[in-house]
Undergrad: 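Let me give you the structure first, and then I'll get to my questions.
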Amino acid sequence: MDRYREESRLIMQIVARSGAAIEQMSVDEAYLDLSPFCQGNCADDSLRLALPIARQIKQSIRAERQLTASIGIASNKLLAKLAADHKKPDGLTVIEEAKKIQFLRALPVRALHGVGRVTAEQLNQARILTVGDLQDHAGDLRALVGSFGPILKRFALGEDDRPLDLSGDVKSISSENTFLRDTDDRRILRTTLRQQAADIADELQKKRLAAKSVQVRVRYSDFTTLTRQLTFEDSTTEAAAIYNFGCHLLARHRLVNRPLRLLGLGVSNLVPPGQQMLLPLKA
DNA sequence: TCTGGGGTCCTAGGACCC
DNA sequence: TCTGGGGTCCTAGGACCC
């Protein structure tokens, strides 16, 4: 895994040479905003101006890392991702504004960002199978998918105004383990929790953060999954404290009343370390 | 996919305060 | 004492993404 991370870092360095603003999504995926370098006479002209930059990135990755990369060029994140996935190992796909409706029509609804197993099932039951069906749907999608309705409609039409998230802010850090065999052996559970607390404390230190909430997660043999969390006034960076809160949560809610398939520990409510509590001001 | 691990966001209910 | 409304915080679960 560390090999992956290192490779990822090197490739992101190559990508960064484009000068574009970058939002890294995972070890092997990132969005680039090339709009400052690609101002054409019309939207599709601008997209075409991105082509040589994309070719250069692919070539550098191949020359320097002996790896292929798939790139999608489009006017927003939704379409760029679909374009990148269009041809997989070594692709370069442009979705032009003039052709986006047509490109989307035949795709299953599941292809759209935010449509997972459950939402796809909801839509399918209403006989909405493809993105084309969504485009043609006259009624209010809120009846089917709640507040996601208006966004889903826009996605179906290839419209997406989500900006790149360049902040790099982390909201939570967690670690979990699935046991080879379900267990309620306290020694095994304590050892696991202690290691997880140590890993989390390491990450907190690397990211220069402290946590104000601790959360445990258990999963039983029937796949029932429970989480319990605790928020405190002072923040912590210490493995021992995180471990203790984890033990406390497990005990207080009697979560180990049968063997566990999975045990997880996490922190959230992250703040700069050593931050003092703000005292309420009274006039 | 009889199901691994690390995340984010949304919703809904309850507690608490004014 | 009971009633009401609004706002905020915490908690838990679930859907989704990579």
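A note on names: the letters A, B, ... follow the listed sequences, proteins ahead of strands, and every chain is numbered from 1.
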Undergrad: Using side chain to side chain donor-acceptor pair (under 3.5 Å), reason through A:T191 and A:Q195 one step at a time and then give a plain yes or no.
TA: CA-CA 6 Å; A:T191 304; A:Q195 184 59 57; over 6 Å; no

Undergrad: Side-chain contact test, heavy atoms from C-beta onward, threshold under 4.5 Å: evaluate it for A:T68 versus A:R62 and give yes or no.
TA: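 Side chain of A:T68 against side chain of A:R62, heavy atoms only: contact under 4.5 Å found.
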
Undergrad: Using a strict heavy-atom distance below 4.0 Å, which residues from residues 174-192 of chain A are in contact with DNA chain C?
TA: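 Contacts with DNA chain C under 4.0 Å: none.
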
Undergrad: Using a cut-off of 6.0 Å, state whether more than 12 heavy atoms not belonging to A:Q135 lie near its atom CD.
TA: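 Yes, enclosed.
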
Undergrad: Is it the case that more than 12 heavy atoms not belonging to A:E64 sit under 6.0 Å from its CD atom?
TA: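 Yes.
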
Undergrad: So what does A:R261 hit on the nucleic acid, given a heavy-atom distance under 4.0 Å: a base, only sugar-phosphate, or nothing?
TA: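 Here A:R261 touches the backbone only, sparing every base.
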
Undergrad: Can you confirm whether A:D140 is buried at CG, in the sense that more than 12 heavy atoms of other residues, nucleotides or ligands lie under 6.0 Å from that atom?
TA: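 Yes, because the 6.0 Å sphere around CG of A:D140 holds more than 12 heavy atoms from other groups.
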
Undergrad: Stepwise, does the side chain to side chain donor-acceptor pair (under 3.5 Å) test hold for A:D33 with A:S35?
TA: CA-CA 6 Å; A:D33 180 5; A:S35 53; 2.5 Å; yes

Undergrad: Taking C:dG4 as the reference, what is the distance to B:dC16 when you measure between their C1' atoms (whole Å, please)?
TA: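 Here B:dC16 and C:dG4 have their C1' atoms 15 Å from each other.
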
Undergrad: Determine yes or no for a side-chain-to-main-chain donor-acceptor pair under 3.5 angstrom, with A:R208 supplying the side chain and A:P272 the backbone.
TA: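 A pair under 3.5 Å: no.
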
Undergrad: Who is the Watson-Crick or G-U wobble partner of B:dC18, with both distances under 3.5 Å?
TA: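 In the structure as shown, B:dC18 has C:dG5 as its Watson-Crick or wobble partner.
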
Undergrad: Short question: side chain of A:E97, backbone of A:D44 - any donor-acceptor pair under 3.5 Å?
TA: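 It does not hold such a pair.
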
Undergrad: Could you check A:S213 against A:N269 for side chain to side chain donor-acceptor pair (under 3.5 Å), going step by step and ending with a plain yes or no?
TA: CA-CA 6 Å; A:S213 297; A:N269 238 318; 2.9 Å; yes

Undergrad: Do A:E203 and A:S175 get their side chains close enough for a donor-acceptor pair, meaning under 3.5 Å?
TA: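 Side chains of A:E203 and A:S175: no pair found under 3.5 Å.
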
Undergrad: Applying a 4.0 Å non-hydrogen cut-off, can you work out what A:S147 is touching in the nucleic acid: base, sugar-phosphate, or nothing?
TA: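 Result for A:S147 = sugar-phosphate.
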
Undergrad: Going by distance alone, is a donor N or O of one side chain under 3.5 Å from an acceptor N or O of the other, for A:Q215 and A:T227?
TA: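 No.
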
Undergrad: Could you check which residues of residues 107-121 of chain A get a heavy atom under 4.0 Å from DNA chain C? Sort them by number, please.
TA: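 Heavy-atom contacts with DNA chain C come from A:R110, A:L112, A:H113, A:G114, A:V115, A:G116, A:R117, A:V118, A:T119.
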
Undergrad: Please identify the 5'-most and 3'-most nucleotides of DNA chain B with any atom under 4.0 angstrom from a heavy atom of chain A.
TA: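 So the outermost contacting nucleotides come out as B:dT3 to B:dT11.
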
Undergrad: Using a heavy-atom cut-off of under 4.0 Å over every strand shown, decide if A:F148 touches base, sugar-phosphate, or nothing.
TA: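 Here A:F148 touches no strand at all.
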
